Amino acid sequence: LAGPFPKGFVEVVRNAGDIAHLLSDYVVLRPSGRRLRGLCPFHQEKTPSFYVDPQSQLFYCFGCQTGGDIFKFVMLYEKVDFREAAEMVARRFGVRLPETPGVAAEPRGRLLEMNRVAEEFFRARLQHSDPGSAPRAYLTRRGLGAAIASRLGLGYAPEGWEVLRSHLLARGFKPEEIVKGGLAVPRASGAGQYDRFRERLMFPIRDAGGRTVAFGGRALGEAEPKYLNSPETPVYVKGHHLYGLDLAREAIRREGFAIVVEGYMDVASLLGAGFDNVVASLGTAFTLAQVRLLARFTDRVTLSYDGDVAGAAATTRSVGLLLGAAFQVRVVDLPGGFDPDEFIRQEGAPAFAALLGGAPEYLEYLIRRELRGREIGRTEEQLKVVEAVLPHLAKLPSAIERAGWAGRLADALGLEDALILQELRVAARSGASRIRQPVQVEPARPLRAAEARLLSLVLTTEDARREVALALEDELVGTRIEPVVSAILDLERAGHPVDAPAVLDALEGEGERELVTQVLFRDEPVEGPGVRECLQALRLRRLARQSREEAAGIARLQTVGLERHSVEIDDRLLRVQELARRRDALS
Ligand SMILES: [Zn+2]
């Protein structure tokens, strides 16, 4: 992760930084025993379950199970990558950043520079093409003037197989860099590479800071697919950017909301029509990363997806995430079949402005959409509408709001309020878990007491590590703590100190690091069970699991037919007996 940093830099920053100090910039913390406690910044809560431990230099929330070290906190809170987080901590505690030895040594910088050169190349090709040429004709046909093309940095990838590649090679980029940056593709047979984008209108995809991180190309000939995007590269992760955000961010702050559309052309045409606060999700639905990115600029969104079935489905999926992140969501209800670009070209900007101004709140939109084309006099049709809308109503955190919308739904259907409210109470109950935990990932499999206790002992005492290393049986195989324990034993064998930061650094997976954090924040009694008791509990559990598996295997074989499998069934019965014997011996 820390690859580009000089060796040791991260360690220096870690030692200079203090987690309690830094987190106090973000969270109001009060002493609680040997730790500090406050309201979790990663989920909504009224009683504090967010803890900071100055001794291990870790934080952990018992509410949402988020935890980690100082860098992890900054990554999550500031929505930056590890490198940026390390630099922010360094600046905060006065550690001098390493000198950047020129872009050449830094792969991310090289790729960004290559994208800049490629963008310039595409742009020049567009500017110098004939007014009647395919890209210019396309722009004219779509009503996009030179001013918009220039703001978006539009360009043209010409015909030919190695036009851009030759240009980049001449500018000093290496063949493997060009492939890594997604601008060329290795030939299937033989050596060599060819340009990924050929005969396409090019849209640079920029990050919020205006740096070009990828490209999208729209085919001008018959080529498939119609839209082709850069693959993921070290500077571009799909679903992490919003197209147009670099241009729209000021307008979003000024207008107080963002218009979210599906594609490049929608952004281009809304900009052309004078709507500056527009971004595209570049995909069929919002991702969590995009929601978090947008949350830096506003908490109000108006969705304007295509007015067809796919657009409606994308709207529904996006809304869930946005509402979960406490966004206020409205939806432009485009007449059937239109996308925003077509609508503006046919009906004009004022008509779109009117739709935008009158955009209903999401639930209102949903109710209208569900009522459309139904004979609401019929009971089964009414039921369908209720079933479609209620799960969304149930997610509203406020009971008053829920009741208000239930009344509105009842009105629309011509029903008695009481009936709808009764249904709603049931739906609200079933949706209750989702109300309490917005934007949370599924919790991991719970850690068994014996596993947690054992890991805690191994993390904190040398004796326990020796005992586990000497244990002969493979009690740990298949448990969640196995990779962590073996990493700790490796550290010890290599003569490294075993402390929380060292263990976290030695672990590969995010899940494993979370496990360590979680266990360190459990308050384990000093007089609890020892290593031997934990191992025994794990051994018993493994034997019980094996017995269950054997029994299930026997049951399966019996349903297929006793005669054909009698030998195998006998084998399995013997194994079940042996397992039972070993369990008895243990307990
Ligand atoms: Zn939390």
Side-chain angles (χ1 to χ4, degrees), residues 17-82 84-85 88-89 92 286-296 299 320-327 395-398 431-447 449 452 455-456 459 480 484 500-501 503-504 507 509-524:
D18 175 64
I19 195 162
H21 212 113
L22 181 101
L23 266 59
S24 303
D25 296 349
Y26 297 91
V27 183
V28 180
L29 292 172
R30 296 186 203 298
S32 163
R34 61 192 171 90
R35 297 184 178 134
L36 301 160
R37 194 163 93 134
L39 289 172
C40 177
F42 302 114
H43 85 279
Q44 284 184 6
E45 61 176 7
K46 290 202 179 80
T47 46
S49 45
F50 180 84
Y51 286 80
V52 178
D53 183 19
Q55 196 196 338
S56 63
Q57 288 289 302
L58 297 173
F59 72 94
Y60 186 71
C61 170
F62 286 89
C64 65
Q65 276 93 44
T66 306
D69 61 8
I70 195 167
F71 302 124
K72 176 80 184 288
F73 180 88
V74 175
M75 285 167 74
L76 290 175
Y77 196 96
E78 301 285 356
K79 297 158 188 94
V80 294
D81 62 18
F82 177 82
E84 286 167 286
M88 289 169 90
V89 176
R92 171 72 176 73
F286 248 64
T287 66
L288 194 51
Q290 288 174 328
V291 170
R292 287 180 173 155
L293 178 59
L294 199 56
R296 281 159 60 177
D299 60 359
L321 281 178
L322 287 161
L323 294 179
F327 269 83
K395 284 185 198 160
L396 292 174
S398 144
S433 63
R434 265 167 294 174
I435 295 171
R436 246 178 288 127
Q437 288 210 358
V439 211
Q440 268 315 312
V441 214
E442 256 186 74
R445 191 149 53 92
L447 196 60
L455 181 53
S456 158
L459 276 165
R480 278 184 71 201
V484 182
V503 172
L504 289 181
L507 292 173
E510 202 49 50
E512 293 159 12
R513 277 194 283 270
E514 270 166 23
L515 208 58
V516 171
T517 320
Q518 189 186 333
V519 164
L520 282 175
F521 276 82
R522 286 165 60 102
D523 277 309
E524 286 289 343

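First listed ligand is number 1; within each ligand, the first listed atom is number 1. Every value quoted in this text rests on a predicted model; they were computed, and no experiment measured them.
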Number of protein N/O/S atoms less than 2.8 Å from the Zn ion (ligand 1)?
4
Is the count of non-hydrogen atoms from other residues, nucleotides or ligands lying under 6.0 Å from F62 atom CZ greater than 12?
yes
What do you reckon, is CD of Q55 surrounded by more than 12 foreign heavy atoms closer than 6.0 Å?
no
Okay, side chain of S24, backbone of A20: is any donor-acceptor separation there less than 3.5 Å?
yes
side-chain hydrogen bond (donor to acceptor under 3.5 Å, both in side chains) between R35 and Y51, worked out
CA-CA 7 Å; R35 297 184 178 134; Y51 286 80; over 6 Å; no
Is the distance between the ring centroids of F327 and F286 under 6.0 Å?
no
With sequence neighbours left out, write down each residue that passes side-chain hydrogen bond (donor to acceptor under 3.5 Å, both in side chains) with Q518, or none if nothing qualifies.
none
